[in-house]
A.B. asks: 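This is the structure I want to talk about, given as structure tokens.
Computed from a predicted structure; not experimentally measured. Throughout, numbering of the chain's residues begins at 1 and tracks the sequence.
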Amino acid sequence: MRDTGDFSCDNDSVSPTPAQQARAAAIAAEIARLAGGFALPGTVADRLTRCGHPNCRCHADPPQLHGPYHQWTRKKNGKTATKILSDDQLADYTPWFDNHKRLRELITELEALSLAITDNDPRWNR
Ligand SMILES: [Zn+2]
């Protein structure tokens, strides 16, 4: 039974805890700071490869593979797109990859925090 006369009831709306509000503010502040830079999606992995020339050293026994190459992989329109980065490109872009990764982590944490708050919304029980 609800007391319809009690308009100030704390159980009448969503109410993040002070700790949840503080964490959300900290996440927002870090996102704002990171958003001042660039953010590149995808992952970089160093790869050794074989080429298409059958007589090349990469097909010898034992094989001497080419590389390592800095292979940047990302999703582009639902497909995997790959590019090879030079050493100086990798050096320039690494902070951008790091920014993107951290922004995604922060968004994921903000989503989890928000879902926890909605789970405790007393209005589900009306
Ligand atoms: Zn080769």
A.B. asks: Looking at NZ of Lys101 and OG1 of Thr43, how far apart are the two atoms once the value is rounded to the nearest 0.5 Å?
C.D. replies: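 Reported to 0.5 Å precision, the distance equals 11.0 Å.
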
A.B. asks: What's the spacing between Leu106 CG and Arg33 CZ if we round to 0.5 Å?
C.D. replies: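 Here the rounded value is 9.0 Å.
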
A.B. asks: What is the distance from atom CD of Glu30 to atom CD of Glu109, rounded to the nearest 0.5 Å?
C.D. replies: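 Nearest 0.5 Å value for the CD-CD distance: 9.0 Å.
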
A.B. asks: Look up atom CD in Glu111 and atom CD1 in Ile27, then write down how far apart they are to the nearest 0.5 Å.
C.D. replies: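 If we round to the nearest 0.5 Å, Glu111:CD and Ile27:CD1 are 10.5 Å apart.
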
A.B. asks: Where do His100 and Leu40 come nearest, in terms of heavy atoms and distance?
C.D. replies: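 Shortest heavy-atom separation between His100 and Leu40 comes out as CB-O, 3.0 Å.
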
A.B. asks: Would you give the length of the straight line joining atom CG of Leu115 to atom CG of Leu110, rounded to the nearest 0.5 angstrom?
C.D. replies: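 It is 9.5 Å, given to the nearest 0.5 Å.
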
A.B. asks: Which heavy atom in Leu103 sits nearest to a heavy atom in Ala39, and how many Å separate them?
C.D. replies: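 Smallest heavy-atom distance, with atoms named: CD1-CB, 4.0 Å.
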
A.B. asks: Can you name the closest pair of heavy atoms from Ser13 and Asp121 and give their distance?
C.D. replies: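 Looks like C-OD1, 4.3 Å.
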
A.B. asks: Can you name the nearest heavy-atom pair linking His66 to Cys58, along with the distance?
C.D. replies: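 For His66 versus Cys58, the nearest heavy atoms are NE2-SG, 3.5 Å.
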
A.B. asks: Please work out whether the ring planes of Phe97 and Trp72 are parallel, tilted or perpendicular, with thresholds of 30° and 60°.
C.D. replies: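 Rings of Phe97 and Trp72: perpendicular, over 60°.
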
A.B. asks: Which heavy atom in Pro54 sits nearest to a heavy atom in His59, and how many Å separate them?
C.D. replies: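 Looking at all heavy atoms of both residues, the closest pair is O-CB, 3.4 Å.
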
A.B. asks: Check Thr49, Ile84, Leu85 against Gln71 for a side-chain contact (heavy atoms from CB on, under 4.5 Å) and give me the one that passes.
C.D. replies: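 Exactly one option meets the side-chain contact (heavy atoms from CB on, under 4.5 Å) with Gln71, and it is Ile84.
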
A.B. asks: Going hydrophobic residue to hydrophobic residue with side-chain gaps under 4.5 angstrom, can you get from Trp96 over to Leu90?
C.D. replies: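 Yes, because Trp96 and Leu90 connect within a single hydrophobic cluster, where side-chain heavy atoms sit under 4.5 Å apart.
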
A.B. asks: Determine the minimum heavy-atom distance between Leu48 and Pro68, stating which atoms define it.
C.D. replies: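 So the minimum-distance heavy-atom pair works out to CD2-N, 3.6 Å.
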
A.B. asks: NE2/His70 to OG1/Thr94 distance, rounded to the nearest 0.5 angstrom?
C.D. replies: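 The NE2 atom of His70 sits 8.5 Å away from the OG1 atom of Thr94.
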
A.B. asks: For the side chain of Asn99 and the backbone of Phe38, is there at least one donor-acceptor N/O pair under 3.5 Å apart?
C.D. replies: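 Yes, the answer is positive, given that a donor and an acceptor are paired below the 3.5 Å cut-off.
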
A.B. asks: Looking only at atom types and distance, does a side-chain atom of Arg57 sit under 3.5 Å from a main-chain N or O of Gln64, one as donor and one as acceptor?
C.D. replies: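 Yes; judged by distance alone, with no hydrogens or angles, the pair exists.
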
